[in-house]
Amino acid sequence: MASQVTFIGAGNMASAIFGGMIDGGYPADAITATARDDNRLAPLRSRYGIHATTDNDAAVANADVVVLAVKPQVMRAVCEAMRDAVQTRKPLIVSVAAGLTAETLDDWLGGGLAVIRCMPNTPSLVGAGASGLYANARVSDDQRSLATTLLEAVGLVEWVDDEALLEAVTAVSGSGPAYFFLIFEALEDAGKRLGLPPQSARRLALQTAFGAARMAQQSEFDPAQLKRNVMSPGGTTERAIQSFEDGGLRQLFENATQACALRAREMAEELGKKS
Ligand SMILES: NC(=O)C1=CN([C@@H]2O[C@H](COP(=O)(O)OP(=O)(O)OC[C@H]3O[C@@H](n4cnc5c(N)ncnc54)[C@H](OP(=O)(O)O)[C@@H]3O)[C@@H](O)[C@H]2O)C=CC1
Ligand SMILES: O=C(O)[C@@H]1CCC=N1
């Protein structure tokens, strides 16, 4: 029988994950989602056929896995309010919240729990997500496999052994979609300035990004070689790449990812403070 999975929070991330699970054949009646507002839940019941309730304690009562998918700023209040229900059932806890450590979540939920921290990203909404996962010492091999199965429903899964590496995961893939959206914007704008109609500039920029990512995933060559393959000696690409290098693109990525990882650490400190 399928494990009972309860999502606390039914927003973008939660619906991406349970939507992917259901598309992949996971039984909808083994899934429950909660929110504060029943108006948010009604469409989920009719669209996915899942159970949905505003009562977190009731939703936890028969759960094998509880996925914490509320915003980090409200997580403490949500966890402390359902502490008794969680301690009665002791389900596997999977948190997708940025910047909250396994120890902090375990503490807010009363302690002694198997906790997995997951850093997913928004392309999970289209089944092309990338998630980094970390498990505390109480998580069993079966629970690891179950979490892998749940998250693989919406994309790629990478486990890290050191929880601190989730900051690096956040800097690369958690926040990473926004970096690429910025590049899409910039390339589209540049194409428009070179005279392309706006729709053409967007379509060409996005298809090029999609094609490059797909090619890099499928190719036997690394991205550096694939880049060289586009650069004919003395040709157009060489001139463009030289311009990016001269402009310090690599250093910009270094600075941005360091700033992102630092913010993840700050959030852990700010949000995880004891009382
Ligand atoms: N967006 C992103 O790129 C990423 C987000 N994350 C993490 O995912 C988590 C969720 O983010 P996201 O899905 O974008 O947020 P959303 O705002 O889309 O969803 C939050 C959900 O939490 C619900 N909620 C709020 N309070 C409660 C409560 N007391 N009990 C039950 N449910 C409650 C809200 O319901 P209602 O509408 O009724 O208030 C809503 O359904 C965050 O912790 C974030 O750090 C992680 C990686 C990437
Ligand atoms: O910006 C944020 O804080 C969240 C975490 C990763 C992506 N979005």
Side-chain angles (χ1 to χ4, degrees), residues 6-20 31-45 47-48 50-61 63 66-83 85-86 93-102 104-105 108-109 115-126 128-134 150-151 154-158 160 165-182 256-257 259-272:
T6 286
F7 290 82
I8 303 295
N12 290 317
M13 266 307 142
S15 53
I17 298 169
F18 62 67
I31 297 174
T32 302
T34 75
R36 283 174 306 180
D37 182 355
D38 198 60
N39 289 326
R40 197 194 263 269
L41 297 174
L44 298 178
R45 279 189 207 101
R47 176 167 174 198
Y48 296 105
I50 61 171
H51 304 284
T53 171
T54 55
D55 184 342
N56 289 347
D57 284 357
V60 165
V66 170
V67 181
L68 301 174
V70 299
K71 292 286 188 195
Q73 290 76 7
V74 300
M75 188 67 85
R76 181 177 193 156
V78 169
C79 285
E80 289 182 346
M82 61 183 192
R83 181 183 282 186
V86 166
I93 305 295
V94 178
S95 167
V96 299
L100 289 172
T101 66
T104 295
L105 292 162
W108 289 346
L109 288 165
V115 180
I116 289 176
R117 266 185 74 191
C118 167
M119 175 44 63
N121 65 9
T122 53
S124 302
L125 288 163
V126 294
S131 300
L133 269 68
Y134 164 81
L150 300 185
L151 271 307
V154 290
L156 172 148
V157 167
E158 286 285 334
V160 294
L165 285 176
L166 284 183
E167 290 158 12
V169 171
T170 306
V172 172
S173 55
S175 297
Y179 317 159
F180 287 98
F181 295 137
L182 173 66
T257 49
C260 187
L262 174 63
R263 182 62 193 139
R265 271 195 295 285
E266 285 171 2
M267 284 172 69
E269 280 162 27
E270 286 165 16
L271 297 167

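Order of appearance sets the numbers: ligands from 1, and atoms from 1 within every ligand.
Protein heavy atom nearest atom 4 (C) of ligand 2, with residue, atom name and distance: A98 CB, 4.6 Å. When only non-hydrogen protein atoms are considered, atom 7 (C) of ligand 2 lies nearest to G174 O, 3.4 Å.
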For residues 167-181, run the donor-acceptor check on the side chains, cut-off 3.5 Å, and write out each pair with its distance to 0.1 Å, sequence neighbours left out.
{"residue": "E167", "atom": "OE1", "partner": "R265", "partner atom": "NH1", "Å": "2.7"}
{"residue": "T170", "atom": "OG1", "partner": "L166", "partner atom": "O", "Å": "2.7"}
{"residue": "S173", "atom": "OG", "partner": "V169", "partner atom": "O", "Å": "3.2"}
{"residue": "Y179", "atom": "OH", "partner": "A171", "partner atom": "O", "Å": "2.5"}

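Rounded to the nearest 0.5 angstrom, R36 CZ and N56 CG are separated by 10.5 Å.
For atom 2 (C) of ligand 2, the nearest protein heavy atom lies 4.0 Å away or farther.
Residues forming a side chain to side chain contact (heavy atoms under 4.5 Å, CB included) with E158 (at least two apart in sequence, or on another chain): L156. Taking the side chain to side chain contact (heavy atoms under 4.5 Å, CB included) definition, one finds that N12 meets it with nothing, sequence neighbours left out.
With contacts defined as side-chain heavy-atom distances shorter than 4.5 Å, the pair V78/I8 qualifies. Counting only heavy atoms from C-beta outward, the side chains of S95 and I116 never approach each other to under 4.5 Å. In this structure, F18 and L44 have side chains that are in contact, with non-hydrogen atoms separated by less than 4.5 Å.
Sorted by chain and number, the heavy-atom contacts of ligand 1 below 4.0 Å come from G9, A10, G11, N12, M13, T34, A35, R36, D37, R40, N56, A69, V70, K71, P72, V78, V96, A97, A98, M119, P120, T122.
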